[in-house]
Amino acid sequence: MSFPIERVREAFPALSIEDNNRARIYLDNPAGTQVPQSVADAVAHCLINSNANLGGYFPTTLAAAEVVEEAHRAMADFLGAASADEIIIGANMTSITFHLARSICRDFKPGDEILLTRMDHEGNVAPWLTIAEDLGLVVKWLPFDTETWQVEPETLAANLSERTRLIALNYASNLTGSINDVKALTALAKEAGALVYIDAVQLAPHRAIDVQDIGCDFLACSAYKFFGPHIGIVWGRPEVLRGLRAYKCRCVGDDLMGKFETGTPQIELLAGLTASVDYFAWLGSQTGSNGSRRQKILAAFEAAHAYERPLAIQLIEGLQTLPEVTIHGITNLNRIDHRVPTVSFSYNGHKPSLVSKTLSDNNIFIWDGHNYALEVVRQLGIPEDEGIVRIGIAHYNTEAEIDRTLECLAAIGK
């Protein structure tokens, strides 16, 4: 069955917006995707019909409670979790990680080690650097291999010790797009007795995730990167969550669904979160699946990846025809499945900010800079104040949009 791109694009009202009779081309997706109409409708419906705090007996508070519970169930299906109780929802991935870091590391001792990678977004770096400074922990850095663009298991194994307590891993880089073999890396970490915290923000829009198969202890993602509202999610292994002290208000209980979620939840955004998961289920049904929500989600990702793959190849091959362009990431088409369709590059003689502005002048939306991947640009020797040009494809983009983008980039070099 062919990918239903027209039906997909019809589901996203932002894709039909024009500026001065020019269509918008959204290639800023690694920083945040557009949302289906169903997500916007769910948020509005909640604000009108379920606008109450939790814990009462009247209709709106009961409806609000169901919104909260369903959002946890939806994310359990999205991530392959065994239970909705394993899902923590908060303001954003970075905020939840800062919050959880204090609980996770509470009993670590001075001299205990945390391993960080140089592939990671600051959201999975700064929280651990901060708690390490507070507690006198040792931070060790894992570089990525600039041939494979991944953190290699041998590199991790060489840095493990009896003092290693936690490893923060990157699933897919928000700059290079490369995907780590987190299952293999997690297995090494668990053999050493370390906890594993995975940032899956950049993988979640493109590939199905199965937290039970990976074997990690925590996995974080952000709904606004997979066509939902601005909200963050962390899955936690239940036996680990139960053993952690939650920093919470005194009147909050110790149930797993609530003890790490501070304050009143963003109930209307949780409604949008469920709708974003249900969008994937809808897409799965459009591509032939008629099973459970989880089965439809898996079918959606399989179809979306098959659709995105040639777009990524088209973009990479087009960039390689420009002699001034250097791509920072996997370009070997035999290894294309080891990356998400996020492509970053330097354009010799042209500042990234000027390239970005030139495309913006043509109504093509992209990003430039370090994009909070500080350690990536540092390892590559790229000036932090300039960074790179970044183009990120989603499954609502088209071949024509990639062609138009490449034409504009080629014109810059003339």
Side-chain angles (χ1 to χ4, degrees), residues 30 93-94 97 101 104 112-129 132 137-161 163-204 206-207 209-211 213-221 234-235 327-332 334-344 370-382 388 390:
M93 175 270 179
T94 303
T97 304
I104 293 169
D112 284 348
E113 297 171 354
I114 293 178
L115 272 58
L116 308 179
T117 86
R118 297 200 185 277
M119 275 181 67
D120 272 272
H121 182 282
E122 273 293 287
N124 202 29
V125 172
W128 310 112
L129 291 179
L137 309 177
V138 174
V139 173
K140 296 168 73 173
W141 291 96
L142 304 177
F144 56 90
D145 187 310
T146 52
E147 294 293 325
T148 65
W149 296 96
Q150 296 166 311
V151 174
E152 295 298 327
E154 296 79 11
T155 303
L156 172 58
N159 283 276
L160 291 169
S161 80
R163 298 300 299 271
T164 305
R165 299 295 306 278
L166 179 134
I167 301 168
L169 291 176
N170 177 267
Y171 211 144
S173 170
N174 75 316
L175 192 146
T176 69
S178 53
I179 300 172
N180 278 321
D181 186 350
V182 294
K183 185 175 180 178
L185 296 171
T186 294
L188 285 173
K190 301 311 291 182
E191 287 176 10
L195 295 170
V196 178
Y197 193 102
I198 293 176
D199 173 3
V201 168
Q202 292 298 319
L203 189 86
H206 304 289
R207 307 287 180 87
I209 295 169
D210 187 339
V211 291
D213 180 64
I214 295 168
C216 58
D217 300 289
F218 303 92
L219 184 139
C221 56
V234 170
W235 168 85
I327 297 174
H328 305 294
I330 295 169
T331 57
N332 181 346
N334 292 325
R335 299 189 65 238
I336 198 71
D337 290 332
H338 292 273
R339 60 142 55 244
V340 295
T342 295
V343 182
S344 296
H370 56 63
N371 295 295
Y372 280 72
L374 280 177
E375 295 301 326
V376 179
V377 297
R378 287 173 177 173
Q379 180 172 330
L380 296 177
I382 296 170
I388 44 77
R390 185 179 70 178

State, to 0.1 Å, how close [X] and [Y] come at their nearest heavy-atom pair, and which atoms those are.
X    : Y    : answer
S161 : E113 : OG-OE1, 2.7 Å
A204 : C221 : CB-CB, 4.1 Å
L116 : L129 : CD1-CD2, 3.8 Å
T342 : P30  : OG1-CG, 3.5 Å
I330 : H338 : CD1-O, 3.5 Å
M93  : A220 : CG-CB, 3.6 Å

_Aromatic plane relationship, W128 with Y197 - under 30° parallel, 30 to 60° tilted, over 60° perpendicular_ = perpendicular
Rounded to the nearest 0.5 Å, what separates atom [atom1] in [X] from atom [atom2] in [Y]?
X    : Y    : atom1 : atom2 : value
N170 : D120 : CG    : CG    : 4.0 Å
R207 : I179 : CZ    : CD1   : 4.0 Å
T164 : L115 : OG1   : CG    : 5.0 Å
T97  : H121 : OG1   : NE2   : 10.5 Å
I214 : I198 : CD1   : CD1   : 5.0 Å

Does [X] use its side chain to pair, donor to acceptor, with the backbone of [Y] at less than 3.5 Å?
X    : Y    : value
S178 : W149 : yes
Q150 : D145 : no
N124 : L169 : yes
R339 : T176 : yes
K140 : N159 : yes
S344 : H328 : no
N174 : N371 : yes

Non-neighbouring partners of [X] that pass side-chain hydrogen bond (donor to acceptor under 3.5 Å, both in side chains), sequence neighbours left out:
X    : value
N180 : none
H206 : E308
T155 : none
T146 : none

For E375, the side chain to side chain contact (heavy atoms under 4.5 Å, CB included) test, sequence neighbours excluded, returns R118, W141, R378
Criterion side chain to side chain contact (heavy atoms under 4.5 Å, CB included) on I104 and F218, from CA distance to verdict: CA-CA 10 Å; I104 293 169; F218 303 92; 3.7 Å; yes
Could you tabulate the donor-acceptor pairs under 3.5 Å formed by side-chain atoms of residues 181-189, not counting sequence neighbours?
from	atom 1	to	atom 2	distance (Å)
D181	OD1	A184	N	3.2
K183	NZ	D213	OD1	2.9
T186	OG1	V182	O	2.7

Trace of the side chain to side chain contact (heavy atoms under 4.5 Å, CB included) decision for L156 with T117: CA-CA 9 Å; L156 172 58; T117 86; over 6 Å; no
- Item | Stepwise side chain to side chain contact (heavy atoms under 4.5 Å, CB included) check, M119 with V151 | CA-CA 8 Å; M119 275 181 67; V151 174; 3.7 Å; yes
| Working for side chain to side chain contact (heavy atoms under 4.5 Å, CB included), residues T94 and Y372 | CA-CA 11 Å; T94 303; Y372 280 72; over 6 Å; no
